[in-house]
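Report on one structure; see the data block that follows.
Heads up: numbering here begins at 1 and tracks the sequence. Since we're looking at a predicted model, the values are computed, not measured.
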Amino acid sequence: MNLGGSIRVNKFGVFIIALILLVFVYYLSTGKSRNSGYILNKNPNEVNLRKLLIGSIQAAQRGGIEVVEVSKSEDFKIQSKGKTKEGAKDPVTEADFRSHCVMTQGLHRIFPKLNIVSEEDKGKQTCSDTKPFDLDPTVIHENSIVPDEVISIEDVVVWIDPLDATQEYTETLFQYVTTMVCVAIKGVPVIGVIHNPFNKKTVWAWVGKAVSEPLNDLKKDEDVKHPVVIVSRSHSGQVKSIAKEVFGENSYIIPAGGAGYKVLQVLHNNATAYIHSTAIKKWDICAGNAILNAVGGRMTDLKNQEITYNDRDAFVNDNGLLAAAANVVHELYIRKIIDQHVFSN
C-alpha cells in the first residue's frame with residue numbers, strides 16, 4: 001500500500017463544478033423561480049415601472065377577489081366613517097379592509113420601500129391572514145410591448161382605492177364597484193389600473209408607454225352638441241341642475257356610483273364628460289386621471305387646474321372635476337363652466 005502517493009486533480013472537472021455552483025448562486029439571487037415571475041429588486045431604492053405596473057394590475061385583481069368573496073356573505077360588517085361634507089353616508093365594509101390588506105401587503109412584499117396611500121390605511125385593521133402574490137407578467141396581454149424603466153423610489157407614490165363605490169356595494173349595485181391602483185411620479189399620475197371585480201374586466205394604462213387591449217381601439221366622440229354628462233348619484237350636490245344650465249336642455253344627465261365606473265363610461269363613449277362639483281378624495285380619481293392622460297383625454301378640477309398626487313398635499317381635491325376622453329371636448333366644456341362662473345366658490 002502506497003500511503004505516500006499523490007492525488008491527481010482533474011482541473012477541467014473542478015472548473016465545471018465551480019461554474020455550476022456560480023450559476024446556482026446567481027439563480028437564487030435573482031428570484032424564487034422563473035415560473036413565478038417574481039424577481040427581487042436588486043436596489044430597494046429604485047423601482048422598475050414595468051414590474052410596478054404588473055404588480056399594480058395584480059393588486060387590483062387580488063383585491064377584487066376579496067370584494068367578491070365578501071359579497072357572498074350575509075353580513076358585510078358595515079361600519080360608518082361618518083358623513084361627507086354634503087351629508088351623504090360614508091360607509092366602510094369588511095370587503096374594503098380585506099381588499100386593502102391584500103393590495104397593500106402584496107405590493108409591499110415585492111417593493112418594501114414603496115410609498116402607498118390607501119383609503120383604508122387607518123391602522124384599525126390587521127392584515128395577518130393575507131396571502132401574498134408573486135409578479136406574474138401574464139397579466140399583461142402578450143401583444144402589449146411594455147418597456148423597462150427604472151426610477152428612484154422616492155419619486156413614486158402609489159394611490160390605492162380598495163373598493164370604490166362602497167355605498168353602492170352595500171346596496172348590492174355591484175356594476176358600479178371597482179378596485180383601483182394609481183402610480184404617481186413627482187405628483188403626476190402616470191400608471192392607472194381600474195378593475196371591475198364582478199365582470200373581471202381590467203383596464204390599465206401607462207402614459208406614453210402602453211395601454212391595455214380595450215383602450216387600443218377607442219373611438220372618441222367629439223360631438224358636443226348633445227352632451228351626455230355622468231354625475232355622482234350619492235354626492236351629486238347641485239351638479240345636475242348646473243349641468244343643464246351650462247350645457248343646455250339638450251344635455252342628458254346620467255347619475256352613477258363610483259368614480260372609477262364613471263371614468264370607464266367616458267372612455268367607452270357612454271358619456272361625453274364626467275363632472276363632479278364637490279370635494280372628492282384623490283384615491284378615487286388618480287387611476288382614472290392617469291388612464292385619461294394616456295389616451296389623449298384630460299381630467300382637471302373645475303378651475304382648469306391639474307390635480308396633483310403628492311402625498312405631502314391634501315388627500316382631498318376640493319374643487320370638483322371635469323373629465324373627458326378627448327382634449328377638445330374638455331377644452332370646450334371647461335370654457336363654458338369658467339365663463340358662466342357656475343362652480344365658483
Side-chain angles (χ1 to χ4, degrees), residues 83-91 161 163-171 173-178 180 192 194 196 203 220-289 291-292 297-305 307 316-326 329-345:
K83 292 187 176 182
T84 67
K85 292 180 180 180
E86 298 78 41
K89 295 179 181 179
D90 193 8
D161 194 338
L163 198 169
D164 189 37
T166 300
Q167 178 61 45
E168 286 71 23
Y169 181 77
T170 65
E171 299 171 19
L173 298 173
F174 298 139
Q175 69 270 26
Y176 297 126
V177 173
T178 60
M180 296 188 286
I194 301 178
N196 185 314
V203 172
K220 298 179 183 179
D221 185 2
E222 298 183 1
D223 176 14
V224 293
K225 295 180 180 178
H226 302 90
V228 178
V229 181
I230 193 164
V231 303
S232 173
R233 65 184 289 271
S234 56
H235 307 284
S236 59
Q238 55 182 342
V239 70
K240 292 181 183 179
S241 59
I242 289 177
K244 289 284 187 181
E245 180 182 342
V246 174
F247 305 116
E249 291 302 317
N250 287 332
S251 59
Y252 182 70
I253 309 300
I254 303 175
Y261 174 87
K262 289 191 276 291
V263 168
L264 291 177
Q265 299 312 298
V266 170
L267 286 167
H268 295 307
N269 267 338
N270 296 322
T272 317
Y274 163 29
I275 296 179
H276 192 89
S277 64
T278 56
I280 189 168
K281 302 293 179 57
K282 291 184 178 180
W283 44 69
D284 290 324
I285 58 176
C286 186
N289 197 342
I291 294 172
L292 286 167
R298 195 168 180 223
M299 177 187 290
T300 66
D301 67 19
L302 294 175
K303 296 181 178 180
N304 203 22
Q305 300 296 312
I307 302 167
V316 179
N317 168 46
D318 289 314
N319 296 317
L321 69 84
L322 171 67
V329 176
H330 181 279
E331 182 65 21
L332 179 63
Y333 285 7
I334 200 69
R335 285 297 116 211
K336 285 177 175 288
I337 289 170
I338 292 174
D339 291 346
Q340 296 188 39
H341 306 287
V342 290
F343 289 113
S344 299
N345 293 331

Could you report the tightest heavy-atom contact between [X] and [Y], atom names first, then the distance?
| X | Y | answer |
| --- | --- | --- |
| Asp161 | Asp164 | OD2-OD1, 3.4 Å |
| Asp318 | Ala279 | OD1-CB, 3.8 Å |
| Ala323 | Leu292 | CB-CD1, 3.7 Å |
| Val177 | Ala165 | CG2-O, 4.0 Å |

Within a strict 4.5 Å, meaning less than it, do heavy atoms of the [X] and [Y] side chains meet?
| X | Y | value |
| --- | --- | --- |
| Val266 | Val263 | no |
| Gln265 | Ile254 | no |
| Arg298 | Asn304 | yes |
| Arg233 | Tyr176 | yes |
| Val228 | His226 | no |

Rounded to the nearest 0.5 Å, what separation is found between the [atom1] atom of [X] and the [atom2] atom of [Y]?
| X | Y | atom1 | atom2 | answer |
| --- | --- | --- | --- | --- |
| Ser232 | Tyr274 | OG | OH | 6.5 Å |
| Ile280 | Asn319 | CD1 | CG | 12.5 Å |
| Asp284 | Asn317 | CG | CG | 10.5 Å |
| Asp301 | Leu322 | CG | CG | 10.0 Å |
| Thr272 | Tyr333 | OG1 | OH | 4.5 Å |
| Lys262 | Ile275 | NZ | CD1 | 12.0 Å |

Return the set of residues passing side chain to side chain contact (heavy atoms under 4.5 Å, CB included) with Ala287 (not counting sequence neighbours), or none when no residue passes.
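Checked Ala287 against side chain to side chain contact (heavy atoms under 4.5 Å, CB included); matches are Met180, Cys182, Ile194.
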
Restricting to side chain to side chain donor-acceptor pair (under 3.5 Å), what partner residues turn up for Thr300, sequence neighbours left out?
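By the side chain to side chain donor-acceptor pair (under 3.5 Å) rule, Thr300 matches His330.
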
Any donor-acceptor N/O pair, Lys336 side chain to Phe247 backbone, under 3.5 Å
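Pair absent, no side-chain N/O of Lys336 close to backbone of Phe247.
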
Which word best sums up how the rings of Tyr169 and Phe174 line up, parallel for under 30°, tilted for 30 to 60°, or perpendicular for over 60°?
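Correct class here is tilted.
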
